[in-house]
Amino acid sequence: QVQLVESGGGLVQPGGSLRLSCEASGSIFSIYAMVWYRQAPGKQRELVAGITSGGSTNYADSVQGRFTISRDSVKNTMYLQMNSLKPDDTAVYYCNVAVRESLLSGIKVYWGQGTQVTVSS
């Protein structure tokens, strides 16, 4: 089993910044893609940013240029630096990680519990 613990959410004014973290622990042989999703009230969950084990990244158009995703492979931790935040960024942010738990096991996908980000004056 793998556990994902997210942190860093909170209330911030428009134009402000937050840094989210997602730490994976447990039975981990290797981590593949790590992805941030978000879900605003009344809306579907959407992909925000993703990063592969090789460091390739992709972003939703709505956050391109404002958000930066990164990972620390030693700490099994993913980060999302969010700058120039807007009220439309208000949502619960979830981390999603693809993990191989052993050399012979398949890849499993785990979700974090979510962290609330509220952008409001």
Side-chain angles (χ1 to χ4, degrees):
Q1 280 290 331
V2 174
Q3 296 77 42
L4 301 179
V5 177
E6 296 148 344
S7 60
L11 173 64
V12 63
Q13 292 186 343
S17 298
L18 283 174
R19 188 192 194 208
L20 305 183
S21 299
C22 172
E23 180 179 5
S25 62
S27 181
I28 299 172
F29 177 75
S30 60
I31 296 179
Y32 295 90
M34 303 181 82
V35 185
W36 286 101
Y37 286 82
R38 68 185 181 187
Q39 188 166 19
K43 295 186 178 181
Q44 290 188 333
R45 191 171 296 188
E46 63 175 356
L47 185 147
V48 177
I51 185 167
T52 67
S53 57
S56 296
T57 60
N58 68 292
Y59 297 91
D61 289 344
S62 59
V63 306
Q64 183 77 45
R66 300 187 297 122
F67 291 9
T68 302
I69 189 171
S70 61
R71 62 190 284 174
D72 183 328
S73 297
V74 174
K75 296 181 179 179
N76 289 333
T77 300
M78 168 176 65
Y79 305 96
L80 185 67
Q81 177 67 43
M82 305 186 294
N83 298 328
S84 302
L85 283 161
K86 305 175 182 179
D88 284 349
D89 295 317
T90 296
V92 178
Y93 284 70
Y94 299 90
C95 65
N96 172 287
V97 177
V99 177
R100 188 184 297 276
E101 297 179 3
S102 69
L103 180 61
L104 300 179
S105 67
I107 297 173
K108 294 182 180 179
V109 176
Y110 292 90
W111 287 90
Q113 80 285 355
T115 185
Q116 177 70 47
V117 171
T118 302
V119 184
S120 175
S121 55

For the atom pair CD (Gln64) and OG1 (Thr57), what is the distance rounded to the nearest 0.5 Å?
7.5 Å
Can you name the nearest heavy-atom pair linking Leu85 to Leu18, along with the distance?
CD1-N, 3.8 Å
Looking at Ser27 and Gln1, would you say the former's side chain and the latter's main chain have a donor-acceptor pair under 3.5 Å?
no
Which heavy atom of Ala40 sits nearest to which heavy atom of Ala91, and what is that distance?
N-CB, 3.8 Å
CD1 of Ile69 to CE of Met82: how many Å apart, nearest 0.5 Å?
11.5 Å
Just grab all the side chain to side chain donor-acceptor pair (under 3.5 Å) pairs involving residues 5-24, residues at least two apart or on different chains.
Ser17-Asn83
Any non-hydrogen side-chain atom of Val117 less than 4.5 Å from a side-chain atom of Leu20?
yes
Look at the aromatic rings of Trp111 and Tyr94 and report parallel, tilted or perpendicular, splitting at 30° and 60°.
perpendicular
Does anything in residues 46-56 form a side chain to side chain donor-acceptor pair (under 3.5 Å)? List the pairs, not counting sequence neighbours.
Arg38-Glu46
Given the rule in the side chain to side chain contact (heavy atoms under 4.5 Å, CB included) test, do Val2 and Lys108 qualify, once you have shown the distances and angles that lead to the verdict?
CA-CA 9 Å; Val2 174; Lys108 294 182 180 179; over 6 Å; no
If Ile, Leu, Val, Met, Phe, Trp and Tyr residues are connected whenever their side-chain heavy atoms lie under 4.5 Å apart, and connections chain through other members, are Leu4 and Val35 in the same group?
no
Rounded to the nearest 0.5 Å, how far apart are CD1 of Ile31 and CE of Met78?
9.0 Å
Given the rule that I, L, V, M, F, W and Y join up when any side-chain heavy atoms are under 4.5 Å apart, are Val12 and Val48 in one cluster?
yes
Nearest-0.5 Å distance that lies between atom OG1 in Thr90 and atom CD in Gln116:
7.0 Å
I'd like to know if the side chain of Tyr59 reaches the main chain of Arg66, judged simply by a donor and an acceptor atom lying under 3.5 Å from each other, with no hydrogens or angles considered.
no
Give, for atom OG of Ser30 and atom CZ of Arg100, the distance between the pair rounded to the nearest 0.5 Å.
5.5 Å
Under the side-chain contact (heavy atoms from CB on, under 4.5 Å) test against Cys95, which residue among Tyr37, Trp36, Tyr110 passes?
Trp36
Does some side-chain heavy atom of Tyr79 sit less than 4.5 Å from a side-chain heavy atom of Asp72?
yes
Do you know which two heavy atoms are closest between Ala98 and Ile107, and how far apart they sit?
CB-CG2, 3.8 Å
Atom CG of Asn96 and atom SG of Cys22: how far apart are they, to the nearest 0.5 Å?
9.0 Å
